[in-house]
Amino acid sequence: LDWTRLGSRTISSGAAEIATKEAQHSVDDSFGVQQRTFGSAAEPIQRNPDYSVLNSDDVSYFKSILGDNGVVQDKDRVAVANVDWMGKYKGASQLLLLPKSTNEVSKVLAYCDSRRLAVVPQGGNTGLVGGSVPVHDEVIVNLGGMDKIISFDNVNGILTCEAGCVLENLSTFVENEGFIMPLDLGAKGSCQIGGNISTNAGGLRFIRYGSLHGNVLGLEVVLANGTVLDMLTTLRKDNTGYDLKHLFVGSEGSLGIVTKVSILTPAKLPSTNVAFLSCNDYMSCQKLLLAARRSLGEILSAFEFMDRQCIDLAMTHLEGVHNPLPVSPYKFYVLIETTGSDESYDKAKLEAFLLRSMEDGLVADGVIAQDISQASNFWRIREGISEASVKVGAVYKYDLSIPVEKLYDIVEEMRSRVGDTAEVLGYGHLGDGNLHLNILSSKYSDNILAQIEPFVYEWTAGHRGSISAEHGLGLMKAEKIHYSKSPEAVQLMASIKKLMDPNSILNPYKVLPQSALSPEQGS
Ligand code: FAD
Ligand code: MLT
Ligand code: ZN
């Protein structure tokens, strides 16, 4: 082991932004027809004929509200907004709207509701379940123009900003004030805080700072009919009635458009260490997690795991990264980060923990980053797995919550199911019981899909897991919600949707099964 100190972690990437552009290059430009329905949508989804078709009067009206610059019809620009980050889901919208204020969002939605024009709210378009792009000709409302920081309370660490702020920009801002964002993810260079909230993004700091349900203090949301719902409190405690903001955290643009956010930011701590370790078997990873929780306690800030297939993929497809443990291949790799307030104490604690773990046979080999560049390399491997995956061609992506002791079983079962027709990767936020199961092949194939689904959902439900730990349901899993939620819960969700968006203009075909939303189903 290389026992060396690391300064504080400042990894900024823009990596996802670059990858977004690459994915966009591969998009063929024959938009106007929905081309693909990969993943879980076995049958092409029919356009709901109740929705109006956009006409020139609509476009003129939008221009009167947003000005010419806020109404994009240019085919190339609209084509980019029609395709998701993976290049997998593709819509056929003819119109991209770029509002600059809550009032503009309100007028756009009030009009769309009155005309029954369907709408897709869009942030950084880094979502991984087809939620952020149209299915047919829905109008795209992208929040990127609403990117102002409104205020920062540097006593309590409370940030208030517009929903279109890019996460990485917010991180830089609050770090300059001595705080950090409570969430961090590989897409930080492109994803927006409004998108993070709408997906209830988890990410790499969840183990330490928990869910956005805990960190978001207030929201401003525009409802489908244009009503502005001001819930933009900055209070830590407020038990007056139902806490409505939680309805929008994780609702994937189906209940309203988030326009402003207030969020609690933890203090930035001076000492960060990152270790990259290898384990010979999955049982050792589990024991290491338990030991890390016990021994590192309050300074543990990340516990991520990857199997060997992930490392091989990263080394093949990511430029400028190198394997920190190149001597021999291991079955599993773990990235541990600690963040604390006392440099010598934190370092000694991590070193002692790693020594013990090696003596106990839990860790086969390991290294602690000596500087920021090494730490960045460790993180780049972990954060770059999704970027490397899309370079292979086709990626079937599953994001599962499973009890930790069973979490890797499904990776092995999947490997034996697909044989040599596809490569199976297992990685994720082990500390949160969240497995990312990626199945890669050079192109999409019904045969491979038939090996994966419904098996993956049945297996997960059978182990009382969740079929979406953090990415959401989107288009991919709207019809699969019953694997993780009871019929009664789905019915209540559908009733809430009907109450809040009676014309169903917001993000149609996503999140909830079409059958639950049909008029025959009681509201
Ligand atoms: P989009 O992709 O634009 O939209 C996502 C959903 O939110 C859509 O349904 C959209 O309609 C809705 N939406 C967006 N903005 C708004 C708004 N203002 N109001 C209402 N609805 C809105 N996710 C994780 O949870 N953890 C990770 O670690 C993680 N890592 C990732 C790494 C990479 C490289 C990539 C590409 C993605 C990753 N993701 C991760 C998935 C994705 O980045 C997150 O879900 C992110 O929060 C989406 O933000 P976005 O602004 O890109 O939203
Ligand atoms: C991650 O943890 O890397 C993300 O959720 C993205 C992914 O799985 O592709
Ligand atoms: Zn993740």
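Side-chain atoms are counted along with the backbone in the values below, which use heavy atoms only and exclude waters and symmetry mates. Indexing begins at 1, ligand by ligand and atom by atom, following the structure's order.
For Asn507, every heavy-atom contact with ligand 1 shorter than 4.0 Å involves the side chain, none the backbone. Heavy atoms of Ala201 found under 4.0 angstrom from ligand 1 belong to the backbone as well as the side chain. The parts of Val258 lying near ligand 1 are both backbone and side chain, judged by heavy-atom distances below 4.0 Å. Under 4.0 angstrom from ligand 2, there are no non-hydrogen atoms of Asp399. Only the side chain of Leu143 comes within 4.0 Å of ligand 1, counting heavy atoms alone; its backbone N, CA, C and O stay farther away. If you look at His471 next to ligand 1, the close heavy atoms, those under 4.0 Å, all belong to the side chain. At a 4.0 Å heavy-atom cut-off, ligand 2 touches His429 through the side chain alone.
Remark: Arg116 CZ is packed, more than 12 non-hydrogen atoms of other residues, nucleotides or ligands lying under 6.0 Å away. Within 6.0 Å of NZ in Lys397 there are more than 12 heavy atoms belonging to other residues, nucleotides or ligands. Atom NZ of Lys497 has more than 12 neighbouring heavy atoms from other residues, nucleotides or ligands inside a 6.0 Å radius.
Interface of Gly127 with ligand 1, defined as ligand atoms under 4.0 Å from a residue heavy atom, comprises 2 (O). Taking every heavy atom of Lys397 and a limit of under 4.0 angstrom, the matching atoms of ligand 2 come to 7 (C), 8 (O), 9 (O). Listed by number with element, the atoms of ligand 2 under 4.0 Å from a non-hydrogen atom of Arg382 are 1 (C), 2 (O), 3 (O). Distances below 4.0 Å separate heavy atoms of Ile257 from the following atoms of ligand 1: 19 (N), 20 (C). Residue-ligand proximity, His471 to ligand 2, at heavy-atom distances under 4.0 Å covers atoms 4 (C), 5 (O), 6 (C), 7 (C), 8 (O). Atom numbering of ligand 2 starts at 1 in the shown order; those under 4.0 Å from a heavy atom of His436 are 1 (C), 2 (O), 4 (C), 5 (O), 8 (O). Numbered from 1 in the order shown, with element, the atoms of ligand 2 that lie under 4.0 Å from a heavy atom of Tyr427 read 3 (O), 7 (C), 8 (O), 9 (O). Taking a cut-off of under 4.0 Å to the non-hydrogen atoms of Gly256, the atoms of ligand 1 that pass are 20 (C). Against a heavy-atom cut-off of under 4.0 Å, Ser386 is close to the following atoms of ligand 1: 32 (C), 33 (C), 34 (C). If you number the atoms of ligand 2 from 1 as listed, the ones under 4.0 Å from a heavy atom of Leu128 come out as 6 (C), 7 (C), 9 (O). Residue Gly195 approaches ligand 1 through these ligand atoms, each under 4.0 Å from one of its heavy atoms: 14 (C), 15 (N), 47 (O), 49 (O), 50 (P), 51 (O), 53 (O). Atoms of ligand 1 found under 4.0 Å from any heavy atom of Glu252, numbered from 1 in the order shown, are 9 (O), 11 (O), 12 (C). Taking every non-hydrogen atom of Gly124 and a distance limit under 4.0 Å, the qualifying atoms of ligand 1 come out as 3 (O), 50 (P), 51 (O), 52 (O), 53 (O).
Nearest to atom 28 (O) of ligand 1 by heavy atom, out of Gly164, Gly384, Gly203, is Gly203.
Contacts of Val511 classified as side-chain contact (heavy atoms from CB on, under 4.5 Å), with partners at least two apart in sequence or in another chain: Glu252, Ser254, Leu473. For Ser101, the side-chain contact (heavy atoms from CB on, under 4.5 Å) partners are Asn103, Glu104, not counting sequence neighbours. Evaluation of the ring pair (Phe, Tyr, Trp, His ring centres under 6.0 Å) rule for His471 yields His436 as partners, not counting sequence neighbours.
Checked against a 3.5 angstrom limit, the closest N/O atoms of Asp184 and ligand 1 fall outside it. Considering backbone and side-chain atoms alike, Gly123 places an N or O below 3.5 Å from some N or O of ligand 1. For the pair Ser190 and ligand 1, the shortest N or O to N or O distance does not fall below 3.5 Å. When only interatomic distances are considered, the shortest N/O to N/O separation between Asn200 and ligand 1 does not fall below 3.5 Å. At least one N/O-N/O distance between Thr126 and ligand 1 falls below 3.5 Å. Taking any N or O of Cys191, backbone or side chain, none lies under 3.5 Å from an N or O belonging to ligand 1. At under 3.5 Å, a nitrogen or oxygen of Gln192, whether backbone or side chain, sits near a nitrogen or oxygen of ligand 1.
The shortest heavy-atom distance from Glu470 to ligand 2 is under 4.0 Å. At a 4.0 Å cut-off, not a single heavy atom of Gly474 sits close enough to ligand 1 to count as contact.
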**Request:** Decide yes or no on side-chain contact (heavy atoms from CB on, under 4.5 Å) for His322 and Ile381, but give the supporting numbers first.
**Result:** CA-CA 8 Å; His322 60 271; Ile381 295 168; over 6 Å; no
**Request:** Quick one: do Leu97 and Asn142 satisfy side-chain contact (heavy atoms from CB on, under 4.5 Å)? Show the steps, please.
**Result:** CA-CA 6 Å; Leu97 300 180; Asn142 186 296; over 6 Å; no
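Side-chain polar atoms of Glu337 and Thr272 form no donor-acceptor pair below 3.5 angstrom. Side-chain polar atoms of Glu453 and Tyr398 form a donor-acceptor pair below 3.5 angstrom. Residues Asn503 and Asp113 bring a donor and an acceptor atom of their side chains to less than 3.5 Å of each other. Checked by atom type, the side-chain pair Asn434/Ser401 shows no donor-acceptor distance below 3.5 Å. Inspection of the Glu470 and His429 side chains reveals an N or O donor paired with an N or O acceptor under 3.5 Å. Checked by atom type, the side-chain pair Asp409/Tyr282 shows no donor-acceptor distance below 3.5 Å. Glu138 and Ser93 share no donor-acceptor pair across their side chains, judged by distance under 3.5 Å alone.
By the 30° and 60° cut-offs, the orientation of the rings of Phe276 relative to Phe378 is tilted.
You'll find the ring centres of Tyr509 and His136 inside the 6.0 Å limit. For an aromatic pair to be called close, the ring centres must be under 6.0 Å apart, and Tyr427 with Tyr333 fails this.
In this structure, Arg308 fails the cation-pi test against Tyr330, since its NZ or CZ atom is not both closer than 6.0 Å to the six-membered ring centre and inside 45 degrees of the ring normal.
The Zn ion (ligand 3) has His429 NE2, His436 NE2, Glu470 OE2 as its protein N, O or S neighbours under 2.8 Å.
Note on Arg382 versus Glu304: salt bridge recorded, some NZ/NE/NH1/NH2 to OD/OE distance being below 4.0 Å.
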